[in-house]
Amino acid sequence: MKTKPSQKKTVHTNSHVSGRKSNINIHEPGRKSNIKIQKRVLYIGNLQNSSRKDILRSFRFYGPIKRLWVSKCGTYAFVEYRNPADAHFARCRLNGGTIAQGADSGGKKIIVDWADIQ
C-alpha cells in the first residue's frame, strides 16, 4: 500500500484587528493538521509617542528582542523577536493593552498584529 506524501497548504486569513491579510502554512500529514508559526515581526500601532524604552520594557517581558524600529512620529513601531513563539505570545497578550509611559500607566489601547512584510 502506497502512502501519500504530506501536503502543504497555504491559508489566507484576514486579521480581525487591522484587516490585513496573512498567510499561515498548514502541514497536513494524513488527517491531522498542525499550524506552523514562522512569523517573528509584530506591528504596534496607536502608541501615542511612547519612547523606545517604554516599548522595550513592555515587549521584552515576552522574550528576547532582535530588533525594534519606531517611526519618526512615534505613533507606530515594529518589534522583531528571536523566537516566533515569543512573538505569538506577545501578540496575544499585548493587543488591546496599554504601554506604561514613565509613571503614567494610562493611555490609549495599542494595536499589536503581525507585520505585513513582503
Side-chain angles (χ1 to χ4, degrees):
M1 176 184 231
K2 292 184 179 180
T3 59
K4 294 181 182 179
S6 64
Q7 298 175 359
K8 183 177 178 183
K9 289 185 179 181
T10 301
V11 178
H12 303 284
T13 62
N14 286 327
S15 170
H16 69 283
V17 175
S18 64
R20 288 196 194 101
K21 292 182 180 178
S22 60
N23 296 328
I24 300 173
N25 292 326
I26 297 178
H27 300 279
E28 293 187 348
R31 294 182 185 168
K32 296 180 182 178
S33 63
N34 298 321
I35 296 176
K36 189 173 184 181
I37 300 171
Q38 292 295 326
K39 296 186 176 190
R40 298 172 192 228
V41 182
L42 297 174
Y43 162 80
I44 302 111
N46 231 10
L47 285 176
Q48 284 190 323
N49 297 318
S50 297
S51 70
R52 289 179 62 87
K53 188 176 181 178
D54 294 335
I55 296 167
L56 280 172
R57 185 182 308 127
S58 296
F59 282 84
R60 194 180 288 148
F61 178 77
Y62 298 97
I65 293 175
K66 184 176 180 181
R67 202 175 330 189
L68 170 65
W69 182 86
V70 181
S71 67
K72 287 182 181 179
C73 60
T75 57
Y76 66 95
F78 294 95
V79 174
E80 182 179 2
Y81 281 90
R82 293 191 184 279
N83 185 347
D86 294 339
H88 177 73
F89 189 51
R91 177 180 170 260
C92 292
R93 299 290 295 195
L94 291 173
N95 187 31
T98 59
I99 290 185
Q101 298 176 357
D104 179 22
S105 61
K108 288 174 99 177
K109 291 183 177 181
I110 61 169
I111 298 168
V112 181
D113 203 359
W114 297 117
D116 189 17
I117 297 180
Q118 306 265 341

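The shown structure was predicted, so the numbers you read here are calculated from the model rather than taken from an experiment.
Contact check for Arg57 versus Asp54: side-chain heavy atoms found under the 4.5 Å cut-off. The shortest distance between side-chain heavy atoms of Ile55 and Ile99 falls below 4.5 Å. No side-chain heavy atom of Trp114 sits less than 4.5 Å from a side-chain heavy atom of Val41. The shortest side-chain heavy-atom distance between Lys39 and Pro84 does not fall under the 4.5 Å cut-off.
Minimum heavy-atom separation, Asn83 to Ala85: OD1-N, 3.0 Å. The heavy-atom pair separating Ile110 from Ile44 by the smallest distance is CD1-CG2, 4.2 Å. A pairwise comparison of heavy atoms in Leu42 and Arg91 identifies CD2-CB, 3.8 Å as the closest pair.
Residues that satisfy the side chain to side chain contact (heavy atoms under 4.5 Å, CB included) test with Asn46, not counting sequence neighbours, are Lys108.
Distance check: Tyr43 OH to Asn95 CG gives 11.0 Å after rounding to the nearest 0.5 Å. Note: Leu94 CG to Phe89 CZ = 9.0 Å, rounded to the nearest 0.5 Å.
Applying the side-chain hydrogen bond (donor to acceptor under 3.5 Å, both in side chains) definition to pairs two or more places apart or across chains, those involving residues 59-77 are Arg67-Glu80.
A donor-acceptor pair is defined here as one N or O able to donate and one able to accept, closer than 3.5 Å; such a pair exists between the side chain of Tyr81 and the backbone of Phe59.
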